[in-house]
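First up is the structure itself, then whatever we jot down about it.
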Amino acid sequence: MFTDFLSFMVLFNFIIPVSMYVTVEMQKFLGSFFITWDKDFFDPEIKEGALVNTSDLNEELGQVEYIFTDKTGTLTQNNMEFIECCIDGFQYRHQEDSSELDGVCVTDGPVNKVQQKAGTEREELFLRALCLCHTVQVKESTKNGRDQIDQVDGLGADEEVLHPPQKERGFIASSPDEIALVQGAMRYGFTFLGLESKNMKILNRNKDVETYELLHVLNFDPVRRRMSVMVRSKTGDILLFCKGADSSIFPRVRQEEVERIRMHVERNATDGYRTLCVAYKHLSAEEYANADAGLREAKLALQDREEKLMDVYNQVETEMTLIGATAVEDQLQDEAAQTMEALQVAGMKVWVLTGDKMETAKSTCYACGLFKKNTELLELTLRTLEDGGRRREERLHDLLLEYHKKAVQDAPPVKLGITRSWSVASHGFGFIIDGASLSMVFSSSSESNSSLYKNLFLQICQNCTAVLCCRMAPLQKAQIVRLVKNSKGSPITLSIGDGANDVSMILEAHVGIGIKGKEGRQAVKNSDYAIPKLKHLKKLLLAHGHLYYVRIAHLVQYFFYKNLCFILPQFLYQFFCGFSQQPLYDAAYLTMYNICFTSMPILAYSLLEQHICIEVLLDNSTLYREIAKNAMLRWKLFLYWTALGLFHGLVFFFGVRFLFSNPALQDNGQVFGNWSYGTIVFTVLVFTVTLKLALVTRHWTWINHFVIWGSLAFYVFFSFFWGGIICRPFLSHQRLYFVFANMLSSVSAWLVIILLILLSLLPEILLVVLRKPRGPHARQMKRRLPSSGTSTIFMLSQTASTHSFSWSD
């Protein structure tokens with residue numbers, strides 16, 4: 001009995017489509033090249049296209065529900081232009097025609113001629129800080145006089161026309177902000193000449209060269225959000241210059257100096273500009289000696305080096321004097337608003353995670369269309385938590401309950417067939433939270449409150465059209481992505497960014513997208529896919545992602561279908577052969593069915609099929625919602641393919657058995673034997689499953705024609721060839737000696753093969769021809785179908801991407 005069990009295991013193991021795994025991996029690997037080859041992803045500015053670092057996530061591009069995006073360099077170009085500065089509360093705005101000074105229009109000119117200006121000493125101190133507090137390198141122009149181009153990590157950026165022009169030179173820096181600030185100082189007469197042997201040289205307005213010895217650089221950190229340098233002047237004075245975000249600088253300076261600068265910072269942020277505050281500090285010899293010893297000791301530490309360096313940084317960067325602030329403009333990426341709108345219409349929620357100031361990020365969200373004019377903003381920041389005069393945690397609890405009641409409990413009921421996100425979208429809620437408030441949500445004083453706050457926060461955000469998280473540290477970005485990824489329903493998440501501070505959220509999300517921007521290649525190297533610009537995300541998801549998911553879904557279902565058609569006649573045959581483990585098919589047919597006869601057509605289909613043409617997918621973002629929530633691999637469709645396989649298997653077996661009820665099928669009166677029976681069944685099987693795939697193919701290319709008709713021709717050729725081998729090594733295993741040729745000599749065999757193929761495919765042909773599209777998709781169906789010739793069973797086209805054919809909705 002055990003040997004019988006093992007024999008049946010060997011005989012029926014083909015029901016498990018082992019070859020499907022190989023085909024799926026080939027489909028993913030070869031399919032990823034279509035993203036790389038897409039010419040629409042080529043960016044002439046950097047002369048690069050898309051990059052695929054992994055091919056295992058192609059189908060998940062068609063199932064994205066949440067998009068987490070960085071702001072600078074992703075939504076914006078990261079191409080900084082110095083706009084204005086504020087020194088001791090006085091505004092200095094550089095324009096070609098005029099300068100605006102706190103509402104008073106004055107004639108533009110050098111700083112020392114601006115009315116209501118700060119003191120000359122403060123002005124020069126501020127401009128020296130801009131020229132010294134950075135890591136910019138100077139690159140002189142070439143001898144042939146060609147214009148030098150400013151570079152950020154080796155990428156070209158257009159050089160600003162400076163006034164007055166000093167000398168043609170370019171700048172190289174790790175961040176475009178630093179280049180913009182150095183260029184801003186040049187506009188007002190202070191030029192950074194470069195760093196030579198630890199000596200930083202600047203050219204002041206009097207055309208005198210000033211030299212400062214660079215002692216230490218306290219590097220920028222996403223958590224600190226500031227950087228500092230220690231320099232020694234020729235007179236021996238040791239100065240600390242520091243620049244950074246206002247939330248990082250204001251607590252470390254004298255508070256009486258903050259208010260006169262805060263107004264300018266908030267106004268510039270509201271206008272959408274990136275703001276930085278500048279401070280300085282005179283270090284005594286004792287203070288510098290202690291700082292120098294601490295820095296050297298921390299840099300030599302073998303354990304906890306970063307923590308020790310951070311402690312020294314925090315000790316030095318205290319009790320500074322605030323000088324002023326800068327405003328830098330970063331324009332939106334091309335087609336950023338159209339891309340965000342298309343993604344939202346497709347049913348995806350967009351969350352902006354940025355380290356920028358709230359007002360700046362909010363202005364960008366409005367410009368991108370994430371926030372509309374009628375969007376009601378729910379704000380959870382330190383400013384709202386401090387209103388009311390109560391403890392922050394009590395205020396946090398009340399605000400979360402208030403926002404939850406407004407956005408979740410009082411939301412309109414969900415209509416049938418419409419997801420929660422789209423029913424609430426009409427009301428228009430937007431949620432804003434900062435890093436400090438998020439820390440309170442994730443790390444409350446009690447475990448129960450922390451869990452409650454997380455659930456309330458998540459439900460509020462899920463019922464808002466867009467979410468803005470500002471002043472985020474990289475770790476907090478990853479925490480938010482993890483929170484949504486592990487929420488109910490396990491939604492597919494996508495993170496997109498361009499800098500090293502985005503790596504954590506890119507790695508945390510299901511799909512990570514890197515932008516080939518101006519802040520290095522860390523995000524690109526750690527991402528699954530890399531694209532040059534944000535606008536390319538639209539086609540990557542709505543076209544490539546949609547098609548990849550539909551293709552892989554059809555591939556999996558078709559494999560189960562054709563293997564069920566293959567093994568069911570073998571199973572039924574055991575009831576008629578005394579359960580003797582007698583195979584119905586020859587060993588060569590058993591081996592080559594999944595390898596040669598039926599593998600190439602479905603592989604070509606899964607690579608080239610376009611059930612809807614790409615132009616329609618890009619123009620109608622709502623089509624993406626039709627495949628959301630794994631719609632193509634649900635039980636209904638799986639049961640359909642299973643029932644179809646059972647029906648075809650029964651037709652194959654009992655149709656041929658009905659033919660064999662007449663023993664004399666040949667002209668000479670001889671009867672067909674066991675192998676003739678199995679060969680007829682196998683012939684009907686191969687032709688039916690291949691023509692079934694031809695029926696569902698809506699986008700024909702020469703490759704589809706070649707593999708479909710070539711596979712059928714190869715089967716016929718192989719059957720003749722295999723049945724004609726009479727070499728001695730094969731004679732002991734030869735079971736089909738001229739069986740196939742002898743079978744085709746019978747008119748009855750020809751008739752039953754043709755009739756069974758037509759009988760198997762007739763129900764689906766009638767269903768396709770007779771069924772008419774109804775409901776709201778009828779008009780869309782007309783756009784998907786070609787203008788003429790729709791009654792033809794097989795649509796033949798030589799065009800690779802401009803036609804698509806739809807037989808069902």
Side-chain angles (χ1 to χ4, degrees), residues 124-141 148 150-154 166-186 189-221 224 226-244 276 278-301 305-306 308-318 320-321 323 520:
E124 294 183 350
L125 183 63
F126 176 82
L127 295 174
R128 287 190 181 95
L130 295 185
C131 286
L132 295 174
C133 188
H134 55 72
T135 57
V136 174
Q137 299 180 19
V138 175
K139 188 174 183 181
E140 298 293 344
S141 59
Q148 181 62 43
D150 293 337
Q151 295 184 347
V152 182
D153 280 352
Q166 302 291 337
K167 183 179 181 180
E168 292 186 3
R169 57 170 47 86
F171 298 110
I172 303 175
S174 59
S175 173
D177 297 80
E178 295 197 323
I179 293 180
L181 295 180
V182 172
Q183 290 177 344
M186 290 180 67
F190 274 73
T191 304
F192 175 61
L193 300 180
L195 176 65
E196 297 179 4
S197 303
K198 292 287 185 178
N199 291 322
M200 303 182 74
K201 296 182 179 181
I202 61 176
L203 185 69
N204 60 26
R205 290 181 300 198
N206 299 324
K207 308 302 181 183
D208 297 328
V209 177
E210 301 179 5
T211 303
Y212 294 85
E213 180 185 357
L214 180 61
L215 302 175
H216 288 286
V217 177
L218 282 58
N219 293 319
F220 175 83
D221 184 85
R224 295 170 58 236
R226 62 184 182 274
M227 75 157 293
S228 302
V229 294
M230 296 183 189
V231 296
R232 180 186 284 119
S233 65
K234 283 188 175 181
T235 60
D237 295 333
I238 300 177
L239 298 172
L240 170 75
F241 290 109
C242 181
K243 69 178 181 184
L276 285 177
V278 181
Y280 85 104
K281 178 182 180 181
H282 275 283
L283 295 178
S284 64
E286 182 180 357
E287 288 177 328
Y288 172 71
N290 294 334
D292 181 66
L295 288 171
R296 294 181 184 277
E297 181 182 354
K299 290 178 180 179
L300 295 175
R305 180 181 302 170
E306 297 297 330
K308 293 180 179 179
L309 283 173
M310 196 71 65
D311 292 339
V312 179
Y313 292 168
N314 292 332
Q315 292 175 7
V316 176
E317 296 170 333
T318 55
M320 297 183 293
T321 301
I323 315 174

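As the structure is a computational prediction, the values presented were derived from the model and not from experiment.
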inquiry  = If the test is side chain to side chain contact (heavy atoms under 4.5 Å, CB included), which one of Leu203, Leu130, Leu181, Val182 qualifies with Phe192?
reply    = Val182
request  = List the steps, then state whether side-chain contact (heavy atoms from CB on, under 4.5 Å) holds for Glu124 with Asn204.
outcome  = CA-CA 8 Å; Glu124 294 183 350; Asn204 60 26; over 6 Å; no
ask   = Any chance the side chains of Asp292 and His216 put a donor and an acceptor closer than 3.5 Å?
value = yes
ask   = Tell me, do Thr211 and Lys234 make a side-chain contact under 4.5 Å, heavy atoms counted?
value = yes
ask   = Quick check: does any side chain N or O of Lys243 sit under 3.5 Å from a backbone N or O of Ala129, one acting as donor and the other as acceptor?
value = no
ask   = Would you call Glu196 and Lys201 a salt bridge, using N to O less than 4.0 angstrom?
value = yes
query = So is Arg232 actually on top of Tyr288's ring, under 6.0 Å and inside 45° of the axis?
reply = yes
query = More than 12 non-hydrogen atoms from neighbouring residues, nucleotides or ligands closer than 6.0 Å to NZ on Lys198, yes or no?
reply = no
request  = Using the side-chain contact (heavy atoms from CB on, under 4.5 Å) rule, take His134 and Phe171 through it: C-alpha gap first, then chi angles, then the decisive distance, then the call.
outcome  = CA-CA 12 Å; His134 55 72; Phe171 298 110; over 6 Å; no
message = Closer than 3.5 angstrom, by distance alone: can the side chain of Asn206 be matched with the main-chain N or O of Asp208 as a donor-acceptor pair?
response = no
query = Taking atom types as modelled, is there a side-chain donor on Tyr280 or Arg128 under 3.5 Å from an acceptor on the other?
reply = no
task = For side-chain contact (heavy atoms from CB on, under 4.5 Å), just list the numbers for Met200 and Ile202, CA-CA rounded to whole Å, side-chain angles, deciding distance to a tenth of an Å, and then say yes or no.
result = CA-CA 7 Å; Met200 303 182 74; Ile202 61 176; 5.8 Å; no
inquiry  = side-chain contact (heavy atoms from CB on, under 4.5 Å), that's the test. Do Lys281 and Thr318 meet it? Break it down for me.
reply    = CA-CA 8 Å; Lys281 178 182 180 181; Thr318 55; 3.9 Å; yes
